[in-house]
Amino acid sequence: MTQTSHHGPDHVVINPDPSAFSHWPDGLYEEMQQDLNNGCVGSQLVSETETMRVWHLRIAPGKRCGFHRHVNRYFWTALVPGKARGYFSSGEIRDVEHYQGETKHFNYGAGDHMVHSVENIGDTELIFATVEFTDGENTPLDVPDSIRLKV
């Protein structure tokens, strides 16, 4: 009997074929491979409880955040408008234009995930707030103390 895997709509496969990334900038595929389990889904973790983490993500024009992995439900809100390019572990590259207040929700079931990086291709800073729920079906990924807000 063949067992099939049923992933939710937000799961993104990690393409095992390096040729699927040949259109990416040099070194990006290798960076993704090194960061497949990076749980830092923002620039700074500003608040954390037993059930959620609140992140801020700031990306200057021409810069990119590192690859990171989402494993539980979360949502993000764009605090300012801007243009971004997403690099996904499937090999896809997606350009988007964000508007102030834009909010997207994602949900990941057992074993589901998404690995990606976001590049600012506009001329203004990108700023997002992300709420990551850590009480989902997957164990939250570790984050280093150095990423946590110090007051």
Side-chain angles (χ1 to χ4, degrees), residues 5-48 52-144 146-148:
S5 176
H6 299 295
H7 291 290
D10 298 317
H11 175 74
V12 176
V13 300
I14 297 175
N15 194 325
D17 181 3
S19 69
F21 304 88
S22 62
H23 60 294
W24 280 21
D26 287 343
L28 220 53
Y29 172 75
E30 292 78 13
E31 179 187 326
M32 182 191 71
Q33 290 298 313
Q34 292 175 2
D35 289 338
L36 286 176
N37 291 305
N38 178 11
C40 296
V41 304
S43 309
Q44 188 170 49
L45 179 57
V46 297
S47 180
E48 187 172 18
M52 73 177 68
R53 293 173 177 163
V54 179
W55 295 86
H56 290 174
L57 175 62
R58 300 177 79 103
I59 309 171
K63 300 297 182 184
R64 186 176 49 78
C65 71
F67 282 92
H68 53 275
R69 185 180 198 121
H70 294 277
V71 297
N72 284 310
R73 67 190 171 96
Y74 76 100
F75 68 88
W76 58 256
T77 297
L79 301 178
V80 297
K83 296 179 182 177
R85 175 169 293 145
Y87 296 92
F88 295 87
S89 60
S90 61
E92 179 185 4
I93 298 174
R94 189 182 316 152
D95 289 354
V96 294
E97 191 157 339
H98 295 293
Y99 58 89
Q100 186 174 2
E102 177 183 13
T103 301
K104 299 280 184 175
H105 296 259
F106 299 87
N107 193 21
Y108 300 95
D112 286 357
H113 60 264
M114 177 185 57
V115 176
H116 73 134
S117 175
V118 179
E119 180 181 6
N120 185 342
I121 58 172
D123 55 7
T124 59
E125 184 177 39
L126 290 173
I127 306 172
F128 298 91
T130 299
V131 176
E132 173 189 26
F133 297 93
T134 56
D135 59 350
E137 295 185 54
N138 299 306
T139 301
L141 299 175
D142 290 332
V143 297
S146 62
I147 204 83
R148 291 177 165 84

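For reference, positions follow the sequence shown, starting with 1.
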K.L.:
With sequence neighbours left out, write down each residue that passes side chain to side chain donor-acceptor pair (under 3.5 Å) with Thr124, or none if nothing qualifies.
P.N.:
none
K.L.:
Between Trp76 and His70 (judged by ring centroids, cut-off 6.0 Å), do the two rings come close enough to count as a pair?
P.N.:
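Ring centres of His70 and Trp76 not closer than 6.0 Å.
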K.L.:
Walk me through whether Val12 and His116 qualify under side chain to side chain contact (heavy atoms under 4.5 Å, CB included).
P.N.:
CA-CA 9 Å; Val12 176; His116 73 134; over 6 Å; no
K.L.:
Can you name the closest pair of heavy atoms from Cys65 and Leu57 and give their distance?
P.N.:
CB-CD1, 3.9 Å
K.L.:
If you measure from OG1 on Thr77 to CD1 on Ile127, what distance do you get to the nearest 0.5 Å?
P.N.:
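The CD1 atom of Ile127 is 13.0 Å from OG1 of Thr77, to the nearest 0.5 Å.
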K.L.:
Report the distance from atom NE2 of His56 to atom CG of Leu79, rounding to the nearest 0.5 Å.
P.N.:
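Going from the NE2 atom of His56 to the CG atom of Leu79 covers 7.0 Å.
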K.L.:
For Phe75, which residues count as a ring pair (Phe, Tyr, Trp, His ring centres under 6.0 Å) partner, sequence neighbours excluded?
P.N.:
His105
K.L.:
Compare all side-chain heavy atoms of Asp10 with those of Asp112 and state whether any distance is below 4.5 angstrom.
P.N.:
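The answer is no; the side chains never approach within 4.5 Å.
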K.L.:
From Asn15 CG over to Phe88 CZ, what is the distance, rounded to the nearest 0.5 angstrom?
P.N.:
14.0 Å
K.L.:
Do the non-hydrogen side-chain atoms of Met32 and Ser117 ever get within less than 4.5 Å of each other?
P.N.:
no
K.L.:
Parallel under 30°, tilted from 30 to 60°, perpendicular over 60°: which one fits the rings of Tyr74 and Phe106?
P.N.:
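The rings of Tyr74 and Phe106 lie parallel, inter-plane angle below 30°.
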K.L.:
Minimum heavy-atom separation for Leu45 and Val143, please, with both atom names.
P.N.:
CD2-CG2, 3.9 Å
K.L.:
How long is the gap from NE2 on His7 to CE on Met114, to the nearest 0.5 Å?
P.N.:
14.5 Å
K.L.:
Nearest 0.5 Å, please: how far is OH in Tyr108 from CZ in Arg69?
P.N.:
11.0 Å
K.L.:
Considering only heavy atoms from C-beta outward, does the side chain of Gln100 approach that of Pro81 to under 4.5 Å?
P.N.:
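A side-chain contact under 4.5 Å exists here.
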K.L.:
Within a strict 4.5 Å, meaning less than it, do heavy atoms of the Glu132 and Pro140 side chains meet?
P.N.:
no
K.L.:
Looking only at heavy atoms, what is the nearest atom pair of Pro16 and Pro18, with distance?
P.N.:
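Shortest heavy-atom separation between Pro16 and Pro18 comes out as O-CD, 3.2 Å.
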K.L.:
Which residue pairs pass the salt bridge (Lys or Arg N to Asp or Glu O under 4.0 Å) test when at least one of the two sits in residues 84-94, sequence neighbours left out?
P.N.:
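As it turns out, the salt bridge (Lys or Arg N to Asp or Glu O under 4.0 Å) pairs with a partner in residues 84-94, which skip direct neighbours, are Arg85-Asp95, Glu92-Arg94.
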K.L.:
Mind checking what makes salt bridge (Lys or Arg N to Asp or Glu O under 4.0 Å) contact with Arg73, not counting sequence neighbours?
P.N.:
Asp135
K.L.:
Residues in side-chain contact (heavy atoms from CB on, under 4.5 Å) with Pro25, at least two apart?
P.N.:
Leu28, Tyr87
K.L.:
Who pairs with Glu31 by salt bridge (Lys or Arg N to Asp or Glu O under 4.0 Å), at least two apart in sequence or on another chain?
P.N.:
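Arg64.
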K.L.:
For a quick test of reading the model, state the closest non-hydrogen atom pair linking Leu141 to Val71 and the distance between them.
P.N.:
CD1-CG1, 4.1 Å
K.L.:
Measure across Val118 and Ala84 and return the closest heavy-atom pair with its distance rounded to 0.1 Å.
P.N.:
CG1-CB, 3.8 Å
K.L.:
When rounded to the nearest 0.5 angstrom, what is the spacing between CD in Glu102 and CZ in Phe128?
P.N.:
7.5 Å
K.L.:
Check whether any side-chain N or O of Asn72 sits under 3.5 Å from a backbone N or O of Asn138 as a donor-acceptor pair, and report yes or no.
P.N.:
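Confirmed, Asn72 side chain pairs with Asn138 backbone.
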K.L.:
Mind checking what makes side chain to side chain donor-acceptor pair (under 3.5 Å) contact with Asp17, not counting sequence neighbours?
P.N.:
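Result, side chain to side chain donor-acceptor pair (under 3.5 Å) vs Asp17: Ser19.
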K.L.:
Kindly determine whether Val41 and Arg53 satisfy side chain to side chain contact (heavy atoms under 4.5 Å, CB included), including the steps that lead there.
P.N.:
CA-CA 10 Å; Val41 304; Arg53 293 173 177 163; over 6 Å; no
K.L.:
Who are the side-chain contact (heavy atoms from CB on, under 4.5 Å) partners of Pro144, not counting sequence neighbours?
P.N.:
Cys40, Ser146, Ile147
K.L.:
Tell me, with the steps shown, if Ile121 and Lys83 meet side chain to side chain contact (heavy atoms under 4.5 Å, CB included).
P.N.:
CA-CA 5 Å; Ile121 58 172; Lys83 296 179 182 177; 3.8 Å; yes
K.L.:
Taking only residues two or more places apart in sequence or in another chain, which ones pass side chain to side chain donor-acceptor pair (under 3.5 Å) with Ser22?
P.N.:
none
K.L.:
Only counting residues at least two apart or in another chain, list the ones meeting side chain to side chain donor-acceptor pair (under 3.5 Å) with Glu125.
P.N.:
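Side chain to side chain donor-acceptor pair (under 3.5 Å) list for Glu125, sorted by chain: Arg58.
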K.L.:
Among all residues two or more places apart in sequence or in another chain, which pass the ring pair (Phe, Tyr, Trp, His ring centres under 6.0 Å) test with His113?
P.N.:
His11
K.L.:
Please name all residues satisfying ring pair (Phe, Tyr, Trp, His ring centres under 6.0 Å) with Phe21, sequence neighbours left out, ordered by chain then number.
P.N.:
Trp24, Tyr29
